[in-house]
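Numbers restart at 1 for each chain; the letters A, B, ... are given by sequence-line order, proteins then strands. Keep in mind that what you see is a predicted model, and the values were worked out from it rather than measured. Computation of the quantities below employed the complete heavy-atom set of this structure, encompassing side-chain atoms and omitting hydrogens, waters and symmetry-equivalent molecules.
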Amino acid sequence: MPLDPDAELMVKVRRGSRAAFETLMTKYHKPVINMIFQSISDPVEAEDLAQNVFLQIWKTRSRYKPTAKFSTWLFTIARNMCLNEVRRRARHRAESLDQPPKETADGTEQPLQVADPTAMSADDAALRGELHKQVEAALRTLPEVQRTAMMLLRHKEMPYEDIAKVLGCSLSATKSIIHRARETLRARLKPYLRP
Amino acid sequence: MNCQQCQENFDGLLDGRLATPDADAARAHFAACAACGAAWRDYEAAWKAFASAPELEPSSNFVARVMSALDATEREQPASGWILTWPRFLRLGATAAVTAIAVSVASIGLLQKDVNLAMLDQRLHQDLLTELPVIQHLELLKDLDVIRHLDQLSPPVDMEEIEMLLQEILST
């Protein structure tokens with residue numbers, strides 16, 4: 001059976017190909033950063049942690065088996081490192097609360113950089129902006145497992161079976177997790193959705 | 001299709017996983033049942049709002065930054081002989097751990113030949129437990145390549161030192 005393109009690249013990475021590693025990273029760094037960002041809410045630290053995820057992938061490349069889908073392996077590592085970071089933060093919460101917010105070089109607070117919204121009327125833009133804020137807030141209130149499932153589901157190539165592997169759950173449990181998460185989103189966003 | 005069955009199919013419908021007859025039945029139910037129709041519209045709209053919400057845009061130099069970090073990491077830990085950069089006590093610990101594992105494996109083989117080495121085996125296991133924190137810390141032991149290539153390290157590992165360590169372990 002032929003390998004999928006990612007697995008083929010990863011086989012090259014195992015042999016030490018940096019070009020293949022760079023190709024995989026270019027393809028996956030955005031969903032990985034976004035998945036981490038939804039858990040730790042800090043764009044700078046999300047990138048730092050994502051960097052560690054990819055360095056870990058490189059370091060442990062010899063352990064990759066082509067029978068495993070690369071994306072499943074990657075997101076499992078990303079999720080585990082993210083959970084470790086969340087646990088570490090929970091242990092040091094008191095210290096973190098004393099820290100000032102991250103600032104950029106010019107002393108201003110680091111803004112959330114998002115893709116440019118498409119052209120729309122002022123009313124639509126305001127409504128859309130409010131809705132997106134509510135989406136983000138609703139997502140953050142979800143339990144970690146539901147939030148991760150949602151982020152993986154948004155990544156179009158990830159079928160339920162692979163999400164189940166990343167979460168370490170059965171397929172039926174994963175379906176239930178996704179349904180509960182969507183129900184929560186529906187309840188939270190209902191007031192902001194156009195009839 | 002009743003209301004409960006219909007609402008159980010929301011995810012399948014949304015993700016395109018529902019067989020065509022079931023999808024058609026669900027849509028027919030929405031047309032006939034106002035409550036399910038409204039619930040479906042909310043469910044679908046909430047998902048679309050989530051799926052279309054803007055994502056965090058990574059820094060444009062993210063990939064280049066990771067590649068630089070990778071270069072830096074590899075410079076710090078060259079592939080060959082990097083074990084020799086460890087402090088002496090850690091190298092000794094690693095050597096003792098590897099030796100303990102190797103001897104333990106060997107003793108299991110001897111025990112299978114009805115040789116009475118139960119005491120030795122027990123002692124080695126105790127040593128292994130003592131060394132466990134060190135072993136867990138050692139990335140290289142995960143693949144056990146170090147055992148296979150112990151004699152190929154450059155400069156070579158001092159086999160006399162290993163023997164002395166083994167004697168120490170056995171005499172305690």
Side-chain angles (χ1 to χ4, degrees), chain A residues 16 18 21-23 25-26 29-34 36-38 43-44 46-47 50-55 58-60 62-63 112-117 128 131-136 138-139 150-151 153-154 156 159-160 175 178-179 181-190 192-195, chain B residues 4 6-18 34 36-80 82 138-146:
Chain A
R18 283 165 176 255
F21 181 62
E22 212 171 323
T23 306
M25 193 167 26
T26 302
H29 73 286
K30 189 173 172 180
V32 168
I33 289 171
N34 272 279
I36 296 170
F37 174 61
Q38 290 304 335
V44 177
E47 285 203 2
Q51 173 172 318
N52 291 339
V53 169
F54 284 105
L55 289 177
W58 177 261
K59 217 167 101 181
T60 56
S62 62
R63 286 184 219 151
L112 170 61
Q113 296 171 350
V114 294
D116 287 341
R128 180 72 64 93
L131 179 60
H132 290 160
K133 269 189 213 161
Q134 293 301 326
V135 167
E136 204 160 298
L139 201 57
M150 288 289 95
M151 295 306 290
L153 198 58
R154 178 146 98 168
K156 300 279 186 284
Y160 280 25
K175 285 179 181 172
I178 289 170
H179 186 72
R182 280 175 164 160
E183 276 294 352
T184 305
L185 285 182
R186 182 182 68 86
R188 288 288 304 264
L189 300 179
K190 191 175 164 60
Y192 304 93
L193 298 170
R194 280 189 188 276
Chain B
Q4 192 188 339
C6 179
Q7 298 200 11
E8 283 171 358
N9 281 329
F10 278 4
D11 293 297
L13 201 57
L14 211 49
D15 299 323
R17 293 167 58 95
L18 214 54
C36 284
W40 163 248
R41 281 192 294 279
D42 287 346
Y43 202 81
E44 187 183 33
W47 173 251
K48 283 183 175 168
F50 166 70
S52 66
E55 291 186 284
L56 180 68
E57 282 299 318
S59 308
S60 55
N61 65 345
F62 177 82
V63 173
R65 215 172 62 213
V66 177
M67 294 309 285
S68 303
L70 193 146
D71 286 339
T73 309
E74 300 230 309
R75 271 198 303 274
E76 281 166 20
Q77 294 185 342
S80 62
W82 62 272
L138 299 178
E139 196 68 20
L140 77 168
L141 285 183
K142 287 178 183 164
D143 293 334
L144 292 180
D145 279 341
V146 71

Going by atom type alone, with no hydrogens or angles, which donor-acceptor pairs under 3.5 Å involve a side-chain atom of residues 61-71 of chain B and a protein atom two or more places apart or on another chain?
{"unit_1": "B:R65", "atom_1": "NH1", "unit_2": "A:E47", "atom_2": "OE1", "d": "3.3"}
{"unit_1": "B:R65", "atom_1": "NH2", "unit_2": "A:E47", "atom_2": "OE1", "d": "3.2"}
{"unit_1": "B:S68", "atom_1": "OG", "unit_2": "B:A64", "atom_2": "O", "d": "3.0"}
{"unit_1": "B:D71", "atom_1": "OD1", "unit_2": "A:R18", "atom_2": "NH1", "d": "2.4"}
{"unit_1": "B:D71", "atom_1": "OD1", "unit_2": "A:R18", "atom_2": "NH2", "d": "3.2"}

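Comparing A:Q51, A:R182, A:R188 by heavy-atom pairs within less than 4.5 Å of chain B, the highest count is held by A:R182. In terms of heavy-atom pairs under 4.5 Å with chain B, the best-connected choice from A:N52, A:L55, A:T26 is A:L55.
Two residues are said to be in side-chain contact when any heavy atoms from C-beta on lie closer than 4.5 Å; A:R186 and B:F50 fail this criterion.
Residue A:Q38 does not touch chain B at all, counting heavy-atom pairs closer than 4.5 Å. Looking at A:A181, there are no atoms closer than 4.5 Å to chain B (heavy atoms on both sides), in backbone or side chain.
Atoms CG and NE2, on B:D11 and A:H179 in that order, are 6.0 Å from each other to the nearest 0.5 Å. Note: B:T73 OG1 to A:K59 NZ = 8.5 Å, rounded to the nearest 0.5 Å.
Closest approach of B:W47 to A:R154, counting heavy atoms only: CH2-N, 4.3 Å.
In this structure A:W58 satisfies the ring pair (Phe, Tyr, Trp, His ring centres under 6.0 Å) test together with A:F21, sequence neighbours excluded.
Geometrically, B:R17 engages A:Y160 in a cation-pi contact defined by less than 6.0 Å to the ring centre and at most 45° from the axis.
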